[in-house]
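Everything below concerns the one structure shown next.
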Amino acid sequence: MTVLSQVRTSRWAALTALVTTSVLLTACGSDGGDSGSGTGQPKSGGTLTFAVGSDAGCVDPQQVASNETIYSVRQIVDSLTDQDPKTGKIVPRLAKSWDISSDTTTFTFHLRSGVTFSDGSKLTAQVVKDNFDAVPKLGALGTLAEGYLSGVKSTTVVDPLTVKVTFSQPNAQFLQATSTHSLGIESSASVKKTPQQKCSDGVIGSGPFVLKRYVQNQSITLAKRTGYAWGSSLWSKKGEAYLDKLVFKVVPEAGVRAGSLQSGQVDAVSSVGKANEAALKGGQVTLRRRANPGVVFGLGLNNSRPLFKDAKVRQAILYAIDRQQIADTVFPTGTQPATSVLAHTTPDYTDLASGLTFDAAKAKSLLDGAGWRTGGDGIRAKDGKKLSLTIKWFPNAATNQPALELIQQQLKAVGVEVVLKQLQITQFAPTLQSGEYDAVWGNVTRADPDILRSSFSTKLANFYRLPASSLDSALSEQAATVEAAKRRQLVTQAQRLIVQNARYVPVVELQTQLGVAKKVHDLNFDASSRIQLHDTWIG
């Protein structure tokens, strides 16, 4: 049985990518470092107030796929490993070391001693096993975690501080997966709760902060974990975090968030859009940017729709979009138009810009060849039916609506009618599961090219409704390939197949752009362009 055919997670693993899709909207640009000014010495104490644009409706890291909520819940849990944002290297965190079998089917983690959860219970190999065994039961919101554990044959306790995870087939992506928030380790008491209870009540983690209060669609409040004495080997500070308290306020309007930062009501804001950049530049605010790896922002097409079974129609939509105009007009400074289905910061990215050019004439020619004729209203029709599609989108970033309105105009120029339909973030997973959509707008952040398998393999949940093809072989083989050059070749092949066949319409790379008060220091991006706040201090 292959990794991809395991029944226990196959229903959900493709949603790994997609649930993250519309949720990972923020901004990108230049890397980390100190976000504050001056050369003062770090000091403990204080509260960091962070305004975010949305709330995923869940405070369980294993079930959250939206950046806006990941920012907070990530601070509650530690993962077995961490990933260096500069090099992509996997480094120790809860696991002090690990052994990987030569065929990458078995991963043995040696845990740090003395680690405890905030309820006082100890980190043991049994706790890790309990976490991994429970992941497949998380359901629709646990698809990121479920996808990473797809194909697990067993998780075994070797001794109290040694745990072995065995897959039915070589699984090159798993070590990176252990660095993600989705596989953050929770206490045994949390593992025993239902997914719904974990979402509403939160979880007990071993991280540098603990959840104190959650008011849905209003705020998430965290407090420093007293006695914290472990953490990522990448962190500069040892022991407890500097900050006493973290408050994440939900402020949907980007302009209000920016104004709150300017006035000093909050210390940092998410999803800074182009319209607010000028107001925030200079003064007491720094704009922080970092490119997000993973699947770029684009249109996820329902390939089973009669309209999209025709490759010419899919390709026409791909050529009709002016990516540079969208990046320059809507997105933060430095946002790059998509040059592949993967962002350029993703390992094994391949530049396919020549296949993603804006060519309205070519788009029109393809539609002509497919039998779609322009009517008096400028919209094409065939057999009495208009060339029309509905794009469903989710209001978790200020750039979503203006980007789609521009796409709507660009497609209309070649005779395609686009209807935009806004849904709530909580409707994202059910929409994909039901298949009741023509296209969805979103992206998926992950610092490993296996995100392509999660998104596009027909052997997983296949929410884009792709037909079985040679793409499946490339995706499954890269997941089972140990040799770096061979894996890179397979990932390149997969990217080419997706772009050439327009199975997905890449538009722009996700750029995470935050506004941060200059008094806030060392608010750093991790490898997935989310944030870690253990080293952050105010002064």
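Since this is a predicted model, take the numbers as computed values, not measurements.
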task = Tell me yes or no: between the side chains of Gln478 and Asp450, is some donor less than 3.5 Å from an acceptor?
result = yes
key: Closest heavy-atom pair and its distance - Lys129, Val163   = N-CG2, 4.5 Å
inquiry  = side chain to side chain contact (heavy atoms under 4.5 Å, CB included), that's the test. Do Ile531 and Leu514 meet it? Break it down for me.
reply    = CA-CA 10 Å; Ile531 55 174; Leu514 308 176; 3.7 Å; yes
task = Output all residues satisfying salt bridge (Lys or Arg N to Asp or Glu O under 4.0 Å) with Arg488, sequence neighbours left out; order by chain, then residue number.
result = Asp348
key: Whether Ser79 side chain and Thr180 backbone form a donor-acceptor pair below 3.5 Å   = yes
task = Look up atom CD in Gln176 and atom NZ in Lys89, then write down how far apart they are to the nearest 0.5 Å.
result = 15.5 Å
Spacing of Lys164 atom NZ and Thr155 atom OG1 [to the nearest 0.5 Å] = 10.5 Å
inquiry  = Using the ring pair (Phe, Tyr, Trp, His ring centres under 6.0 Å) criterion, which residues pair with His534? Sequence neighbours excluded.
reply    = Tyr228, Trp235
inquiry  = Looking only at the aromatic ring of each residue, does the gap between the centers of Phe456 and Tyr464 stay below 6.0 angstrom?
reply    = yes
request  = Check the side chains of Tyr437 and Lys392 for a donor-acceptor pair under 3.5 angstrom, ignoring hydrogens and angles.
outcome  = no
message = Any non-hydrogen side-chain atom of Val203 less than 4.5 Å from a side-chain atom of Pro61?
response = yes
task = Indicate whether any N or O donor in one side chain lies under 3.5 Å from an N or O acceptor in the other, for Gln336 and Arg323.
result = no
Any side-chain donor near an acceptor of the partner, Gln62 and Ser182, under 3.5 Å = no
query = In terms of side-chain heavy atoms, does Asp351 have a donor or acceptor partner in His344 at a distance below 3.5 Å?
reply = no
request  = Taking all non-hydrogen atoms of both residues into account, name the closest pair between Asn171 and Phe107 and its distance.
outcome  = O-CZ, 3.4 Å
ask   = Could Asp535 and Lys237 be called an ion pair, given the rule that one side-chain N must be under 4.0 Å from one carboxylate O?
value = no
task = Provide the closest heavy-atom pair for Ala316 versus Ala363 in the form atom of the first, atom of the second, distance.
result = O-CB, 3.3 Å
ask   = Just by distance, with hydrogens left out, do Thr108 and Asp99 show a side-chain donor and acceptor under 3.5 Å apart?
value = no
inquiry  = How close do Phe394 and Asn400 get, counting heavy atoms only, and between which atoms?
reply    = O-ND2, 2.6 Å
key: Flag, side chain of Ser101 to backbone of Thr105, donor-acceptor distance under 3.5 Å   = yes
